[in-house]
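Taking it in order: structure first as structure tokens, then the write-up.
Each residue takes its place number in the sequence, starting with 1.
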Amino acid sequence: MFLRYREYIVNAVFKNVLYCLSLVRLDHIVFRVYHLWEAAAINSILQLKYFLFFSFFFSLILFLHPFPPSSGSQGQFPLTQNVTVVEGGTANLTCRVDQNDNTSLQWSNPAQQTLYFDDKKALRDNRIELVRASWHELSISVSDVSLSDEGQYTCSLFTMPVKTSKAFLTVLGVPEKPQITGFTSPVMEGERMQLTCKTSGSKPAADIRWFKNDKEVKDVKYLKEEDAVRKTFTVSSTLDFLADRSDDGAVVSCRVDHESLNSTPQIAMQVLEIHYTPLVKIISSNSWPEEGQSIILTCESKGKPVPEPVLWTKDGGELPDPERMVVNGRVLSISFLNKTDNGTYRCEAKNPIGRNSTEYVLIVHDPNALAGQTGPDHALIGGIVAVVVFVTLCSIILLGRYLARHKGTYLTNEAKGAEDAPDADTAIINAEGSQVNAEEKKEYFI
């Protein structure tokens, strides 16, 4: 009975001593002793006296009545879990004990400063709050977490001996919104472009991906630099390519992926403006122009900047008949076509970047000559019919000769004794006797 009572007293004294230890910090004592004129110095001195008294009292009890650890404490183990939180968020640290016989729990930070001893707050930090305190659990929260809060936190269970469990707090650095640099508008076709996307403040290093019109570009350069002070990373990626007219108006985007962004990447976009020489094409309204008809030639030109009004020429010179050959912007209209309009028509377009041209060869056809060529040729038709009739007759003759040669065999002599018979019955009888030799007498028609 006395031993159990003594154990209860020692446990209570031990808890008070530990609490005093958590309250009395060496840096506070030095600070307050140095500033003796402050009123708070008295509290620090009293706390130190309180600590020294109970330390001496506790040591005396242990010296006079040593006792072994209780058997129940052998199955007591604090349990913690690692925590990951985004910078600026709130971290919840929980320490649980399945079996606890009224033994105190304590949380301490990576600098081994006591945060909470049971339900008593030891560190003056307004960000740290008590969530739950019981014999089986001690949970605290740290709000507005910064990168400096990262590290290994310790939960201590004050059995004999003291048992601890570690929980590592990982703080994710959120990358800043990316920026694209290196683009100067406009860019001439054929020039080399180098676009750089950069983001800072990520921890661990963020990933950068490039897209052109929602199609990912793989061939890029990637570079990361670590900030030795804040332990964060600055990541940059460079997209290198030759400007092409097909890139004009294309949207180039840089996307930053990071686990702190909760599957919502940060994106920076840049619309490309490419200047290029005109592309020229002539479209005809009549694919088979004839004399007396009209034709419209349209010159389509596409460039950036927009090309100036086009220039029409024929065979390297001006249009010979302005009255029939009318130019309206990009359209050339020629009315009442004749053979003199045959030739090569050129359309030329230009802009500040350069000039380009294309040609169209006009051939005016004679409608009468075309009708003579397309009328029926009676001589040709008669010749074809004669050949068909001749071939048919030859085929009939050859077929008749073939059938005659394979027609069969015939008996050439009558039966012996048939012509000398006195009557018909006798002739038939005599003829049957000579039938045997009939197969040998054959005649062929050739």
Short question: side chain of Asn328, backbone of Val331 - any donor-acceptor pair under 3.5 Å? no
Between Phe117 and Phe158, what is the ring plane arrangement, given parallel below 30°, perpendicular above 60°, and tilted in between? tilted
Without swapping roles, check the side chain of Lys166 against the backbone of Thr80 for a donor-acceptor pair under 3.5 Å. no
Donor + acceptor pair across side chains of Asn286, Gln293 (<3.5 Å): yes
Listed once per pair and sorted, the salt bridge (charged side-chain N to carboxylate O under 4.0 Å, His left out) pairs that draw on residues 236-249, sequence neighbours left out: Glu189-Arg245, Arg192-Asp240, Lys212-Asp247, Asp248-Lys304
Is there side-chain contact between Gln106 and Tyr116, with heavy atoms separated by less than 4.5 Å? no
Short question: side chain of Ser139, backbone of Thr94 - any donor-acceptor pair under 3.5 Å? no
Contacts satisfying salt bridge (charged side-chain N to carboxylate O under 4.0 Å, His left out) that involve residues 342-352 (not counting sequence neighbours) are Arg346-Glu359, Glu348-Arg355
Contact check, side chains of Ser108 and Leu115, non-hydrogen atoms, under 4.5 Å: no
Restricting to side-chain hydrogen bond (donor to acceptor under 3.5 Å, both in side chains), what partner residues turn up for Ser146, sequence neighbours left out? Ser148, Asp149
Compare all side-chain heavy atoms of Leu332 with those of Tyr345 and state whether any distance is below 4.5 angstrom. yes
Inspect the surroundings of CZ in Arg127 and state if more than 12 heavy atoms from other residues, nucleotides or ligands are less than 6.0 Å away. yes
Hey, is CE on Met188 packed in by over 12 heavy atoms from elsewhere, all under 6.0 Å? yes
Under 3.5 Å, which donor-acceptor pairs link side chains of residues 313-322 to any protein atom two or more places apart or in another chain?
residue: Lys314; atom: NZ; partner: Thr340; partner atom: O; Å: 2.8
residue: Lys314; atom: NZ; partner: Asn342; partner atom: O; Å: 3.4
residue: Asp315; atom: OD1; partner: Thr344; partner atom: N; Å: 2.8
residue: Asp321; atom: OD1; partner: Glu323; partner atom: N; Å: 3.4
residue: Asp321; atom: OD2; partner: Arg324; partner atom: NE; Å: 2.8

Ser260 and His258: side chain donor to acceptor below 3.5 Å: yes
Hey, is NZ on Lys281 packed in by over 12 heavy atoms from elsewhere, all under 6.0 Å? no
Between Arg330 and Thr298, does the side-chain hydrogen bond (donor to acceptor under 3.5 Å, both in side chains) criterion hold? Intermediate values first, please. CA-CA 6 Å; Arg330 305 178 185 277; Thr298 302; over 6 Å; no
Using only atom types and a distance under 3.5 Å, with no angle test, would you say the side chain of Asn82 pairs donor to acceptor with the backbone of Ala167? no
Decide, yes or no, whether a salt bridge links Arg209 with Glu216 under the criterion of side-chain N to carboxylate O below 4.0 Å. yes
Can a salt bridge be assigned to the pair Lys203 and Glu150 using a cut-off of 4.0 Å between side-chain N and carboxylate O? yes
Decide whether Gln194 and Thr238 meet the rule of one side-chain donor and one side-chain acceptor closer than 3.5 Å. no
Determine whether more than 12 heavy atoms belonging to other residues, nucleotides or ligands lie under 6.0 Å from atom NZ of Lys215. no
Just jot down the side-chain hydrogen bond (donor to acceptor under 3.5 Å, both in side chains) partners of Ser237, sequence neighbours excluded, or say none. Trp210
Within a strict 4.5 Å, meaning less than it, do heavy atoms of the Trp312 and Ile282 side chains meet? yes
Looking only at heavy atoms, which two atoms of Asn351 and Pro307 are closest? And how far apart? CB-CA, 4.1 Å
Short side-chain to backbone donor-acceptor contact, Ser284 and Ser287, under 3.5 Å: no
For the residue pair Asn356 / Thr277, report whether a side-chain donor-acceptor contact shorter than 3.5 Å exists. no
Heavy atoms from other residues, nucleotides or ligands near CZ of Phe336 exceed 12 (cutoff 6.0 Å): no
Throw together a table of side-chain donor-acceptor distances under 3.5 angstrom for residues 221-229, partners on residues two or more places apart or in other chains.
residue: Tyr222; atom: OH; partner: Ala206; partner atom: O; Å: 2.5
residue: Asp227; atom: OD1; partner: Val229; partner atom: N; Å: 3.0

Is it the case that the side chain of Lys177 and the backbone of Ile267 share a donor-acceptor pair, with hydrogens and angles ignored and the cut-off at 3.5 Å? yes
Do Tyr360 and Leu297 touch side chain to side chain, with heavy atoms closer than 4.5 Å? yes
So, does Asp341 use its side chain to make a donor-acceptor pair with the main chain of Asn338 at under 3.5 Å? yes
Lys302 side-chain N/O to Val306 backbone N/O, donor-acceptor pair under 3.5 Å: no
May I ask you to decide if Lys120's main-chain N or O and Asp118's side chain share a donor-acceptor pair within less than 3.5 Å? no
Would you indicate whether the side-chain heavy atoms of Pro367 and Glu291 approach each other to under 4.5 Å? yes
